[in-house]
Structure formats: C-alpha cells, structure tokens
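One structure is given below, encoded as structure tokens.
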Protein chains: 2
Amino acid sequence: MNINKSCSNHDSNHPKQQFDQNYPIEYTIDLIGSKWSIGILRELLNGNRRTHQLTKALPGISSKILTLRLRTLEKHGIIQRKVYPEIPPHVEYSLTEKGRELQPVIAILKQVGQRLLSQEDAFCPLKMNAKVT
Amino acid sequence: MNINKSCSNHDSNHPKQQFDQNYPIEYTIDLIGSKWSIGILRELLNGNRRTHQLTKALPGISSKILTLRLRTLEKHGIIQRKVYPEIPPHVEYSLTEKGRELQPVIAILKQVGQRLLSQEDAFCPLKMNAKVT
DNA sequence: CAGGATCCCGTACGATACTG
DNA sequence: CAGTATCGTACGGGATCCTG
C-alpha cells in the first residue's frame with residue numbers, strides 16, 4: 001500500500017527505517033493493508049502452509065501476487081519460508097514470533113468492523129430491505 | 001483501498017453491504033487504509049476541525065484528496081460535516097460516535113507497529129548503523 | 001474559504017504462459 | 001509444485017486551475 005510513499009520521498013536524507021519509526025501506524029497498515037495480506041496471515045495463524053494450500057485457501061489469488069505478498073511479509077520478518085530440497089519442490093510458510101504479534105490487530109479489526117457494520121444497518125434501513133425482503 | 005474489490009464483483013447478486021458483513025476486517029481496513037485517513041481521524045480525535053485546519057495539519061495533502069477522504073468517511077458515518085451558511089464558507093468536521101469506535105483500532109495499530117519496528121532494528125543491526133553512526 | 005473539474009502518473013493487481 | 005516473466009488495466013493519488 002505504501003501509505004506514506006510521498007512522505008518518504010520528501011526528504012531523501014532520512015533513511016527509510018528511521019522514517020518508519022515515526023509512523024508505526026502506517027507501518028502496520030502497510031503490513032496488512034494489501035489485498036490478500038489478511039487472508040494469508042489468517043491462514044498461517046492456523047498453522048504452517050504450503051504454497052498450493054494457500055492458493056486453495058485464497059480463491060482468486062494469482063500465483064504472482066501470492067509470492068509477491070509472501071516475499072514482502074518475509075522481508076518484514078512476519079513469516080518464514082522453509083524450502084525442502086525435493087522434487088517436486090516443497091515449500092512451507094509459517095508465522096514468526098514477530099508475525100504472531102499481529103494477531104491482536106486482526107482481532108480488533110474484526111471486532112470493530114463487525115460493530116460498525118451492524119450500526120451501518122441500523123442507520124440505513126433501506127439497505128437492509130434491499131436484501132432482507 | 002477496496003481490498004475486496006474483485007471479490008465484490010464475483011457475484012453481483014450479493015448486495016455490497018451484505019458482502020461486507022462477512023468481511024469486517026477488510027471493511028475496517030477500507031476505512032482507515034487510505035493514505036490520509038489515519039491523519040484525518042487522528043486530527044478529529046483531538047477535536048472538531050475546519051477544512052483549512054485539516055489542510056495545515058496534513059502537510060502535502062491536496063484539497064481534492066482531502067475532500068474525497070472526508071466524503072468517504074462521511075458516507076460511512078464515521079465523521080459529520082456541518083456547514084455554516086456564511087460568506088466566506090465555513091465547514092466543520094467532527095467525529096461521530098461511530099467514528100470514535102475506531103480509536104482502539106488506531107491505538108493497537110500504533111502499539112504493535114512500534115513493537116514490530118523495534119524488533120526490525122534488533123534483527124537488522126546494519127540498518128541501525130546506517131543512521132546511528 | 002471550501003471544493004469541484006481536468007489531466008496525469010505510478011503501481012498494485014490480474015491473466016496468461018512458461019520453467020526447473 | 002513453486003515460482004518467474006510479460007503484458008495489460010484500474011484506481012488512488014497528485015498538480016493545477018477555476019468557481020460561488
């Protein structure tokens with residue numbers, strides 16, 4: 001997502017990691033804000049997964065995007081990639097300790113989202129009718 | 001952000017709000033995941049703000065994007081827009097009760113982000129040197 | 001002062017095909 | 001099985017100008 005993209009560029013003298021220190025919120029959102037990040041994390045929270053398992057668990061994701069997200073999460077130390085040198089290839093992904101710290105974030109995101117959505121219905125009776133009837 | 005954009009389209013028979021019910025996490029991220037959303041919310045958590053106040057508080061934001069974000073948040077019932085019919089125009093934005101429910105989300109996002117960033121340094125001493133020296 | 005109208009661009013994402 | 005390469009697209013965001 002790169003929420004603070006333009007900000008990062010406004011002063012090239014500041015190394016990136018130094019910049020991120022001042023924007024922990026944006027950093028976290030960068031981690032989980034990409035389209036499939038949450039799905040991948042949720043899956044790995046339930047256990048280690050092989051690539052094709054993730055593919056099946058996330059219907060619609062392309063292999064390109066999956067590996068892209070996995071690489072990014074790995075770079076941030078959120079997940080770990082373990083390669084078994086076999087034929088055919090065998091790769092297994094797992095959450096790191098660091099990655100597990102994201103669990104409360106996901107929990108709150110879900111909890112608050114549910115509450116907000118229920119209020120949305122309360123405020124928009126017409127919307128409900130559109131489905132309920 | 002529209003994290004679940006493609007998912008929303010995969011079956012047009014499902015009205016959007018019905019779909020969102022099943023994806024509270026993605027819904028919440030949609031709310032706060034856009035580039036300036038957090039900044040706007042943080043500002044409004046500190047009190048009501050006029051448009052130009054927000055502009056100054058968010059250096060770099062364009063008027064187009066600011067109003068765009070404000071409109072979106074308003075549609076979701078997160079903020080309220082109050083117009084004082086004066087010349088020159090006077091518009092004031094405030095958080096709704098619903099909007100205040102996002103506060104814990106922001107808090108966790110910040111807290112976890114900070115912890116993750118500190119770990120990032122611990123694992124990457126070279127990075128630290130780049131700045132610390 | 002608030003914000004609409006245009007034009008432009010980078011990039012995240014997607015579809016498809018191809019390798020070891 | 002896991003992953004790369006290529007090409008195409010949509011959309012968020014930015015710059016600038018203009019109006020009541």
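Predicted model, so just to flag it, every value in this text is computed and none were measured. Numbered from 1 within each chain, the chains take letters A, B, ... in sequence-line order.
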- Query: Does CD belonging to B/Q103 count more than 12 external heavy atoms closer than 6.0 Å?
  - Reply: no
Atom pairs and distances, donor-acceptor, side-chain atoms in residues 72-86 of chain A, under 3.5 Å, two or more places apart:
from	atom 1	to	atom 2	distance (Å)
A/T72	OG1	A/L68	O	2.9
A/H76	ND1	A/Y27	OH	3.3
A/R81	NE	A/Y93	OH	3.3

- Task: Please report the shortest heavy-atom distance between A/L117 and B/P24, naming the atom on each side.
- Result: CD1-CA, 3.8 Å
- Query: End-to-end bend of the helix from C/dC1-D/dG20 to C/dG20-D/dC1 (five-pair axes, 10° rounding)?
  - Reply: 40°
- Grab the CG-P distance between A/L66 and D/dC1 for me, whole Å please. 14 Å
- Task: Would you indicate which nucleotide in C/dA15, D/dC1, D/dG20 comes nearest to any side-chain atom of A/S62?
- Result: C/dA15
- Decide yes or no for A/L70 and A/L54: does some side-chain heavy atom of the first lie under 4.5 Å from some side-chain heavy atom of the second? yes
- Determine: side-chain N/O of B/R50 to OP1/OP2 of C/dA2, distance under 4.0 Å, yes or no. yes
- Query: To the nearest angstrom, how far is A/I65 atom CD1 from D/dA2 atom P?
  - Reply: 18 Å
- Query: Below 4.0 angstrom from OP1 or OP2 of C/dA12, is there any side-chain N or O of A/R69?
  - Reply: no
- Message: Whether A/H90 contacts D/dA2 is assessed here as follows: a side-chain N or O lying under 4.0 Å from the phosphate OP1 or OP2. Is that the case?
- Response: no
- Does some side-chain heavy atom of B/I25 sit less than 4.5 Å from a side-chain heavy atom of A/I32? no
- Query: Should B/S63 and B/L66 count as side-chain neighbours, where that means a heavy-atom distance under 4.5 Å?
  - Reply: no
- All pairs passing salt bridge (Lys or Arg N to Asp or Glu O under 4.0 Å) where residues 46-73 of chain A contributes a residue, at least two apart: A/E43-A/R49
- Query: Starting at the 5' end of DNA chain C, which residue's closest nucleotide do you reach first, A/L68 or A/P89?
  - Reply: A/L68
With a 3.5 Å cut-off and sequence neighbours excluded, list the donor-acceptor pairs that the side chains of residues 107-116 of chain B form with protein atoms.
from	atom 1	to	atom 2	distance (Å)
B/R115	NE	A/E101	OE1	3.1
B/R115	NH2	A/E101	OE1	3.1

Detail all sub-3.5 Å separations between protein N/O atoms and N/O atoms belonging to nucleotides 3-9 of chain D.
from	atom 1	to	atom 2	distance (Å)
D/dG3	OP1	A/R71	NH2	3.3
D/dG3	OP1	A/R81	NE	2.7
D/dG3	OP1	A/R81	NH2	2.5
D/dG3	OP1	A/Y93	OH	3.0
D/dG3	OP2	A/T51	OG1	3.1
D/dG3	OP2	A/Y93	OH	3.0
D/dT4	O4	A/S63	OG	3.2

